[in-house]
Amino acid sequence: MTPSNSNKSVVVVGAGIIGIACAHYMSKAGFNVTVIDRGKIGSGCSAGNCGYISPSHVLPLTEPGAFREAIKSVFNRDAPFRVKPRLSLAQWNWFWQFAKRCTHRQMLETGKHLKAILDLSRAEYFQLMEDESFDCQWKTTGLLFVLQTEHGMNEFAKTDRLMTEHFGVNATRIDGPQLPSMDPSLKLDLAGAFHYPDDCSVRPDLLNAQWSERLRSRGVKFIEDCELQTITKNNGAITCVQTSQGEMPAANFIFAAGAWSPLLSSELGYRAPIEAGKGYSVTMQRPNPCPQYPMLFPEHRVGVSPFADGYRIGSMMEFAGYDQSIPQRRIDQLKSSAEHYLIDPHTAGEQQAWYGWRPMTWDSLPIIGPVPKLGNAYLATGHNMLGLSLAAATGKLVAALIKNEPAEIDLTAFSPDRF
């Protein structure tokens with residue numbers, strides 16, 4: 001095997017939205033880029049999510065009360081945020097570390113770093129849509145957080161006030177009687193909503209397909225069904241990756257493997273502290289009336305996404321390992337949750353049920369930076385529930401690291417060295 005003789009070559013491991021974004025910025029910088037994936041391009045959580053690009057999502061999962069909710073969920077298999085205990089030391093250590101961070105102070109500190117990368121990513125998406133003109137149902141109408149009860153409205157008002165005071169994230173409050181005129185799909189008896197106008201949305205599978213196809217036309221090579229088997233190293237650097245489709249040498253390597261990242265620990269000499277957080281969605285024909293806005297229902301932890309050619313309900317967070325089942329009760333739960341808010345919450349006929357594993361870190365921050373002890377390897381993983389939201393910023397930041405240029409935001413909080 002002869003290593004690549006060009007310092008402008010890179011192999012990206014993982015062809016989800018993060019890998020695609022890394023390929024974009026590396027190609028834009030003049031690198032020869034190869035992207036490999038054990039499955040299909042843009043599959044997994046990159047395909048079945050609700051399509052939100054949400055600078056409003058500055059508050060981390062590690063908020064006060066989250067660990068108590070996780071413990072209670074052990075005894076409730078229908079909890080929307082559920083932990084299924086396993087005989088896994090890694091899982092128990094993850095939750096111990098998670099529990100230590102569920103404080104008000106830590107929430108605000110983490111939110112500060114999420115705010116910086118979310119805002120950068122939003123700006124990059126606007127530039128990307130202007131430059132590339134993707135036909136991916138890009139919408140800039142904002143995200144509607146809808147509350148069913150007065151108690152829910154009052155509690156979310158506290159959250160909204162906190163986000164305004166600490167992060168400058170502003171929403172418009174809409175009282176219940178005003179909701180139907182804003183979106184006729186909503187029921188008449190709801191308590192109200194908060195509209196975050198800076199949030200955006202796409203149909204994620206269309207974005208993945210068009211973005212990767214555009215990159216192909218510019219010389220980026222995508223190889224599907226290509227499983228990484230071993231990594232060859234020499235003098236503190238990777239010389240090539242051995243895959244099910246042969247050796248792939250390069251000067252630089254980006255590992256954007258999402259929830260699969262812990263399986264690379266023995267090869268990289270670094271264990272990313274990631275647990276798979278399983279989510280579900282169901283996609284169907286548009287109801288009538290169909291929501292005009294993407295919406296979240298915080299009291300039931302469910303979101304809906306109206307697409308031009310479909311309609312999706314998605315949510316849940318299950319810590320159950322790499323479980324591949326799609327229990328019908330979970331799909332039914334998604335649909336029944338939407339019934340509290342929408343006049344026509346779901347439709348009959350053909351439906352596509354989906355699950356995916358989100359790469360959850362115990363501090364709710366992504367892992368972006370050099371792999372410790374490997375001079376030419378970089379991690380771009382651990383984006384929790386914000387992979388789509390953070391993809392554009394992640395690609396740009398990783399490219400800056402590889403080019404040895406200053407990053408637009410401080411990367412210390414995202415460094416692999418922090419664990």
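The structure displayed is predicted, hence computed values, not measured ones.
Salt-bridge formation is not detected for the pair Glu124/Lys28: no Lys NZ or Arg NE/NH1/NH2 atom is positioned less than 4.0 Å from an Asp or Glu carboxylate oxygen. Asp225 has no carboxylate O lying under 4.0 Å from a charged side-chain N of Arg38, or vice versa, which leaves the two without a salt bridge. Ion pairing between a basic and an acidic side chain is recognised when a charged N comes within 4.0 Å of a carboxylate O; Lys84 and Asp323 show no such pairing. Ion pairing between Glu155 and Lys158 holds under the 4.0 Å rule for side-chain N and carboxylate O. Salt bridge Asp199/Arg122: absent, no basic N to carboxylate O contact under 4.0 Å.
Within a 6.0 Å sphere centred on CD of Gln137, heavy atoms belonging to other residues, nucleotides or ligands number more than 12. More than 12 heavy atoms of other shown residues, nucleotides or ligands fall within 6.0 angstrom of atom NZ in Lys100. For CZ of Arg68, the number of neighbouring non-hydrogen atoms (other residues, nucleotides, ligands) closer than 6.0 Å is 12 at most. For Gln328, the CD atom is densely surrounded, since the number of other residues' heavy atoms within 6.0 Å is greater than 12.
The distance from atom CD of Glu267 to atom OG1 of Thr230, rounded to the nearest 0.5 Å, is 5.5 Å.
The closest side-chain donor-acceptor pair between Thr149 and Glu299 falls under 3.5 angstrom. Gln351 and Thr283 are not linked by any side-chain donor-acceptor pair at a separation below 3.5 angstrom, with hydrogens and angles left out of the test. Side-chain contact check for His57 and Ser389: no donor-acceptor pair (N or O, by modelled atom type) lies under 3.5 Å.
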### Message
Go through it in stages, so that I can follow the logic: the residues are Glu318 and Arg330, the test is salt bridge (charged side-chain N to carboxylate O under 4.0 Å, His left out), and I'd like the CA-CA distance, side-chain angles, deciding distance and then a yes or no.
### Response
CA-CA 11 Å; Glu318 285 184 352; Arg330 281 304 200 183; 2.6 Å; yes
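Residues Trp357 and Phe319 place their aromatic rings such that the two centres sit no closer than 6.0 Å.
Side-chain contact between Asp78 and Gln333 is present, with heavy atoms from C-beta onward closer than 4.5 Å. Looking at Asn170 and Asp160, their side chains never come closer than 4.5 Å, going by heavy atoms from C-beta outward. Taking 4.5 Å as the limit, every side-chain heavy atom of Pro64 sits out of range of all side-chain heavy atoms of Cys102.
Geometrically, Lys396 does not engage Tyr25 in a cation-pi contact defined by less than 6.0 Å to the ring centre and at most 45° from the axis.
In this pair, Tyr341 and Phe297 present their aromatic rings parallel. The plane angle is below 30°, not in the 30 to 60° band.
Just one of Phe156, Tyr293, Phe145 meets the ring pair (Phe, Tyr, Trp, His ring centres under 6.0 Å) condition when paired with Phe194; it is Phe156. Put simply, the residue from Lys187, His300, His346 that forms a side chain to side chain donor-acceptor pair (under 3.5 Å) with Glu339 is His346.
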